[in-house]
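Scroll down for the structure; my scribbles are underneath it.
Model, not experiment: these values are computed from the prediction. Counting from 1, the numbers follow the sequence of the chain as shown.
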Amino acid sequence: MLVAAALAVGSVAIAQQDGTVPNSGTVPTQKGDASAMKPADRKLQIVDAVIAGTHAFQIQMAAKAKKDIPEAFGAQGKTPEQLDALIKAQAALLAGDPAEAAKWVDGKPSTFDAKGTVDALLGAGLKLDAKLPVNAAAGAISAMDDKKSFPTENVRALASMIQVILEIDRDGTVLQDIFNFYKPLGLLVGPDDFGIKDSDRAFLSVGKEMADRSCAGPFDTNRAAFQIGLRKIENWKIKLTRDMASEIADKLLKRDDIAPLVPKIKAAKPERILVIGHSFTMEMNWSTLSPMNEIVGAAYRKLNPGVVFTHMGHGGMSATQARNKYLKDGLAWKPTRVLIVTVMGNDAEIAALADMAKAFKAEGAEVIVFDQLYIAANSWINPKKAGLEALAAKGDVTVIEVGKLIESNPNKDQFPCLDGLHMTTPYHELMAGELLKYLLGVRAAKLAP
């Protein structure tokens, strides 16, 4: 079995030089404090330790789902308590200080607990079947390496992130911990680092190759699952390594319709703008490189830091949840304007919006909502227009009309991302422009006929 330099025991998913993956094997068992190891080898051990912890979790997933895939996801004689111990060891690894891990990687004195984390995970001897999704991903990436230039630890790092993201449920928790731990180690890589074009079509092609190599799992392992996983990782990697709100704000400020407004932005009076919103407004949502509100906030930070933005909310949030969880804190922040982006497609949610609007209005704040969020006017994501109109007629909310612009945009088919639910960057650029224009007073809430 071909292995990375200085490793005496191979890892099943380390690809051969011809791009194939060995049929079976064990996660490396060499001790993490071996003085002869090179930095690349130490990085590889960290990655394979992460993979081992994830595999322990997925063995339990398969058991709970009663999936009959013993060759790939069998317990291998491990008790539930032993698997739990491996999961806890992975959590301890990812909770550690990556700066100290970086010292360990370089062979320098460090407080990094390699023995209690890396060694514990690698020493468990979990066998990793060649058809496991993590190995399928690594094999597909390695097979594209015509020049044999992809560092094994980077290939494995991407595969380890795909391994978690396929689960769906832990991409906002454990996966983010992996991102944060990998980044200082130079292991936060995305598809583009391996020459894969940043496009959904290219990700589908690679996803098909991964799916063809993969066995079934306690989660989807079809080409669409790998495709969306690649898209999520690519977007998150970009967001975590670049200030995308700032970059897109620069682009926005150069637009023909926005550039003449720069003097107005600079001259705007100080304001406190609160955004209470669901995933469409959240900075870390994977679908866009930056949400509309963060783009506008970045534009003001560049030109007029007296206009301050903040955000409160969570994914999937309804108006009722927003009122119950964030109204008190929102009022305490003393905003001058409040943008509310929540699910409010029925009378009960409109009533919750009304409660928030009246409370903020009583404190002198303007409450703003959009008349439409999704490209299809009849989508449950969009607010109930009759309810918004009734509140607007009372002067409780300002309804910014954007639905006509969304529906008539020639690129609207590119607005929904791969999950068909969230919106891509071009959509957020459109919405950011309209929000900025309204805040500056250069467009009315209602569009001109």
Side-chain angles (χ1 to χ4, degrees), residues 11 13 27 32 42-61 83-105 110-122 124 126 128 132-134 137-138 153-191 193 217-219 225-226 228-242 244 279 282-287 289 314-316:
S11 167
V27 179
R42 291 173 182 263
K43 286 184 180 182
L44 182 56
Q45 287 216 321
I46 287 175
V47 172
D48 275 330
V50 170
I51 288 172
T54 301
H55 189 56
F57 180 85
Q58 292 180 350
I59 289 173
Q60 292 187 335
M61 282 187 70
L83 293 172
D84 283 338
L86 294 177
I87 295 167
K88 290 178 181 177
Q90 185 201 55
L93 169 63
L94 298 176
D97 184 350
E100 290 299 316
K103 293 178 184 177
W104 176 80
V105 163
S110 168
T111 60
F112 177 60
D113 182 18
K115 183 177 181 180
T117 57
V118 175
D119 288 354
L121 287 157
L122 300 187
L126 282 180
L128 302 178
L132 279 168
V134 64
E153 65 273 18
N154 287 0
V155 174
R156 298 287 284 154
L158 177 58
S160 73
M161 292 182 272
I162 293 172
Q163 180 189 24
V164 175
I165 211 165
L166 289 173
E167 299 172 9
I168 302 298
D169 292 338
R170 297 198 301 166
D171 64 0
T173 52
V174 172
L175 184 64
Q176 301 303 319
D177 293 339
I178 292 174
F179 288 158
N180 292 331
F181 196 79
Y182 279 2
K183 182 179 176 181
L185 300 176
L187 292 169
L188 180 53
V189 293
D193 291 299
F219 37 71
F226 281 103
I228 198 169
L230 290 166
R231 165 53 64 200
K232 288 181 177 182
I233 291 170
E234 180 68 17
N235 281 9
W236 268 321
K237 189 211 81 167
I238 293 172
K239 289 155 76 79
L240 288 166
T241 55
R242 294 161 56 184
M244 291 311 302
S279 55
M282 292 171 62
E283 185 175 13
M284 281 309 295
N285 185 266
W286 64 272
S287 62
L289 295 179
H314 60 74

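The heavy-atom pair separating V155 from A138 by the smallest distance is CG1-O, 3.6 Å. When all heavy atoms of L240 and K183 are compared, the pair lying nearest together is O-NZ, 2.5 Å. The heavy-atom pair separating L126 from A52 by the smallest distance is CD1-O, 3.7 Å. The nearest pair of heavy atoms linking K232 to D171 is NZ-OD2, 3.1 Å. A pairwise comparison of heavy atoms in K239 and M244 identifies CA-CG, 4.3 Å as the closest pair.
In this structure, the side chain of D48 does not engage the main chain of Q45 through any donor-acceptor pair within 3.5 Å.
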Validation: residues 90-102 side-chain donor-acceptor distances under 3.5 Å, sequence neighbours left out:
residue	atom	partner	partner atom	Å
Q90	NE2	V50	O	2.8
Q90	NE2	T54	OG1	2.8
D97	OD1	A99	N	2.9
E100	OE1	S110	OG	3.3
E100	OE1	T111	N	2.9
E100	OE1	T111	OG1	3.1
E100	OE2	K103	NZ	3.0

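By the side chain to side chain donor-acceptor pair (under 3.5 Å) test, Q58 pairs with E167, sequence neighbours left out. Annotation: ring-ring contact (aromatic ring centres under 6.0 Å, His included) contacts of Y182 (sequence neighbours excluded): none.
Looking only at side-chain heavy atoms (C-beta outward), I233 and W286 stay at 4.5 Å or farther from each other. Taking 4.5 Å as the limit, every side-chain heavy atom of L187 sits out of range of all side-chain heavy atoms of R156. Counting only heavy atoms from C-beta outward, the side chains of K43 and N154 never approach each other to under 4.5 Å.
In this structure, R170 satisfies the cation-pi test against F57, with its NZ or CZ atom closer than 6.0 Å to the six-membered ring centre and inside 45 degrees of the ring normal.
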Determine whether T117 and F112 satisfy the following criterion, side-chain contact (heavy atoms from CB on, under 4.5 Å), listing intermediate values before the conclusion.
CA-CA 9 Å; T117 57; F112 177 60; 4.1 Å; yes
